[in-house]
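Following: one structure in structure tokens, then a few remarks.
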Protein chains: 2
Amino acid sequence: MRKTQARQAIVDLLSKSDRPVPARDIVLGVARDRPDINKSTVYRFIKSLLESQQLISIPLPGRGALYELRREGEHYHFSCEGCQEVLCLNDTKLEVGRLVPRGYTVSPQNLVLSGLCPKCS
Amino acid sequence: MRKTQARQAIVDLLSKSDRPVPARDIVLGVARDRPDINKSTVYRFIKSLLESQQLISIPLPGRGALYELRREGEHYHFSCEGCQEVLCLNDTKLEVGRLVPRGYTVSPQNLVLSGLCPKCS
DNA sequence: ATCGGTGCAAAGGGTTTGCAGGGTA
DNA sequence: TACCCTGCAAACCCTTTGCACCGAT
């Protein structure tokens, strides 16, 4: 995979965020920083990163998916139904394995909990 | 909310399925059974059911959302990354509350686990 | 009879694709 | 130089909307 200016700009934008980003924000953010980069290029690269497992997709109800660069260490996410905030949770004591029947394996990075944060409760 | 033939057909279709259904399948399924019912009506009714909390939306990575009539008792879902099957899990021993920090509350019906089923492992 | 529900067709938004030109290795 | 990557614009798909008619209460 070649390193190009467009791709660098997209990775930079994703790296700067401490939480998952909607596709819309990636496209708009790149357009703002680098108006010369076309949205097709952004979509193509997002797809390419997903296929090479370097990008994680976090699906949300009603609001499309959020994207986040794969990081060291697994973590999961929490989506507040009130304020729509999405945050990363890093509880390594997570025992999601016991939530599924015997024989199934679980990928914690795809786990999204939703509910209410303290402010919205 | 009025009971009409179109709405009955849509609810019937949703009731017959033992697992969540993509919007596409609702639209196509209704079109097959009742070609006289327009897809706009289907979309409008789905939206209406969602707003009245009678329908639950289950977001999936890359594949739009799945829909399911609200049932008695909370349950959550598992999505296999291999065969794309989605199934309902009914473990009432679920203790998702301990997965989030103090002060947060979790809605189990919005929880989607993903990973591999026994066949795809 | 009323007013919410429906069909139709068109618009809308986000994402994908074909193609020719441009940049990276 | 070779080939991947990119820009552009159009196509695409799914969903939503405006409007007039229909039908459930």
Side-chain angles (χ1 to χ4, degrees), chain A residues 1-15 17 20-69 79 84 86 112, chain B residues 1-15 17 20-69 79 84 86 112:
Chain A
M1 181 171 299
R2 289 183 184 171
K3 177 179 288 189
T4 65
Q5 294 189 6
R7 293 178 170 187
Q8 192 60 52
I10 296 165
V11 170
D12 283 350
L13 186 145
L14 286 166
S15 303
S17 178
V21 185
R24 168 191 175 80
D25 289 1
I26 305 177
V27 173
L28 292 180
V30 171
R32 176 170 35 75
D33 297 345
R34 294 287 307 269
D36 57 313
I37 297 176
N38 193 274
K39 60 183 175 182
S40 303
T41 303
V42 178
Y43 281 115
R44 273 190 281 236
F45 190 50
I46 289 174
K47 197 172 185 177
S48 153
L49 286 175
L50 284 172
E51 285 166 355
S52 60
Q53 312 270 328
Q54 297 174 68
L55 195 67
I56 292 172
S57 148
I58 301 147
L60 289 182
R63 292 192 293 144
L66 305 185
Y67 300 96
E68 167 180 85
L69 288 176
S79 161
Q84 310 294 321
V86 174
V112 182
Chain B
M1 184 172 294
R2 290 182 183 173
K3 177 178 287 187
T4 65
Q5 293 189 7
R7 293 178 169 188
Q8 193 60 53
I10 295 165
V11 170
D12 283 351
L13 185 146
L14 287 166
S15 303
S17 177
V21 186
R24 170 191 174 79
D25 289 2
I26 305 177
V27 173
L28 293 180
V30 170
R32 176 169 35 74
D33 297 344
R34 294 287 307 270
D36 56 315
I37 297 177
N38 193 274
K39 60 182 176 182
S40 303
T41 302
V42 179
Y43 282 115
R44 274 190 281 237
F45 190 49
I46 289 174
K47 197 171 183 178
S48 153
L49 285 175
L50 284 172
E51 285 167 356
S52 60
Q53 312 269 330
Q54 296 174 69
L55 196 66
I56 291 172
S57 149
I58 300 147
L60 289 182
R63 291 192 294 145
L66 304 185
Y67 299 97
E68 169 180 85
L69 288 176
S79 161
Q84 310 294 321
V86 173
V112 182

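These numbers come from a predicted model, not from an experiment. FYI, side chains are in, hydrogens and waters are out, and symmetry mates aren't considered; it's all heavy atoms of this structure.
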- prompt: Can you tell which of D/dT25, D/dT17, C/dT16 lies closest to the side chain of A/Lys47?
  reply: C/dT16

- request: Side chain of B/Tyr43 only, please: which of D/dT17, C/dT17, D/dT15 is the nearest?
  value: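 Nearest to the side chain of B/Tyr43 among the choices is D/dT15.
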
- prompt: Would you say A/Thr41 reaches D/dC5's phosphate, i.e. side-chain N/O to OP1/OP2 under 4.0 Å?
  reply: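 Answer is no, no contact under 4.0 Å.
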
task: Please state whether the phosphate of D/dC13, meaning OP1 or OP2, lies under 4.0 angstrom from any side-chain nitrogen or oxygen of B/Arg24.
output: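 For D/dC13, OP1/OP2 do not have a side-chain N/O of B/Arg24 under 4.0 Å.
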
- prompt: Which atom pair, heavy atoms only, marks the closest approach of A/Ala23 to A/Tyr67?
  reply: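 Scanning both residues, the minimum pair turns out to be CB-CE1, 3.7 Å.
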
- request: Measure across B/Ala6 and B/Thr41 and return the closest heavy-atom pair with its distance rounded to 0.1 Å.
  value: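 For B/Ala6 and B/Thr41, the tightest heavy-atom pair comes out as CB-CG2, 3.9 Å.
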
query: What residues form a salt bridge (charged side-chain N to carboxylate O under 4.0 Å, His left out) with A/Arg34, not counting sequence neighbours?
result: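 If we apply the salt bridge (charged side-chain N to carboxylate O under 4.0 Å, His left out) test to A/Arg34, skipping adjacent residues, the hits are A/Asp36.
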
- prompt: Within the structure shown, what part of the strands sits under 4.0 Å from A/Lys39 by heavy-atom distance: base, sugar-phosphate, or nothing?
  reply: base

query: Taking five pairs at each end, how big is the angle between the two axes of the helix from C/dA1-D/dT25 to C/dA25-D/dT1, to 10°?
result: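 End-to-end axis angle for the helix from C/dA1-D/dT25 to C/dA25-D/dT1: 40°, rounded to 10°.
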
message: Can you list, in residue-number order, the parts of residues 25-38 of chain A that come under 4.0 Å of DNA chain D, counting heavy atoms only?
response: A/Asp36, A/Ile37, A/Asn38

message: For B/Val42, give me all partners under side-chain contact (heavy atoms from CB on, under 4.5 Å), at least two apart in sequence or on another chain.
response: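 So B/Val42 forms a side-chain contact (heavy atoms from CB on, under 4.5 Å) with B/Ile10, B/Ile26, B/Val27, B/Val30, B/Ile37, B/Ile46.
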
Do any N or O atoms of the protein come closer than 3.5 Å to N or O atoms of nucleotides 18-22 of chain C, and which pairs are they?
unit_1	atom_1	unit_2	atom_2	d
C/dG18	O6	A/Arg44	NH1	3.3

- prompt: Run the side-chain contact (heavy atoms from CB on, under 4.5 Å) check on A/Val21 and A/Leu66 step by step: do they pass?
  reply: CA-CA 5 Å; A/Val21 185; A/Leu66 305 185; over 6 Å; no

message: Test: side-chain hydrogen bond (donor to acceptor under 3.5 Å, both in side chains). Region: residues 44-54 of chain A. Which pairs qualify, not counting sequence neighbours?
response: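 Checked against side-chain hydrogen bond (donor to acceptor under 3.5 Å, both in side chains) - neighbours excluded - the pairs reaching residues 44-54 of chain A are A/Ser52-A/Gln54.
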
message: Has B/Arg7 got a side-chain atom pairing as donor or acceptor with B/Arg2's backbone, closer than 3.5 angstrom?
response: yes

- request: Write down the distance between CG (B/Leu49) and P (C/dG5), rounded to a whole number of angstrom.
  value: 11 Å

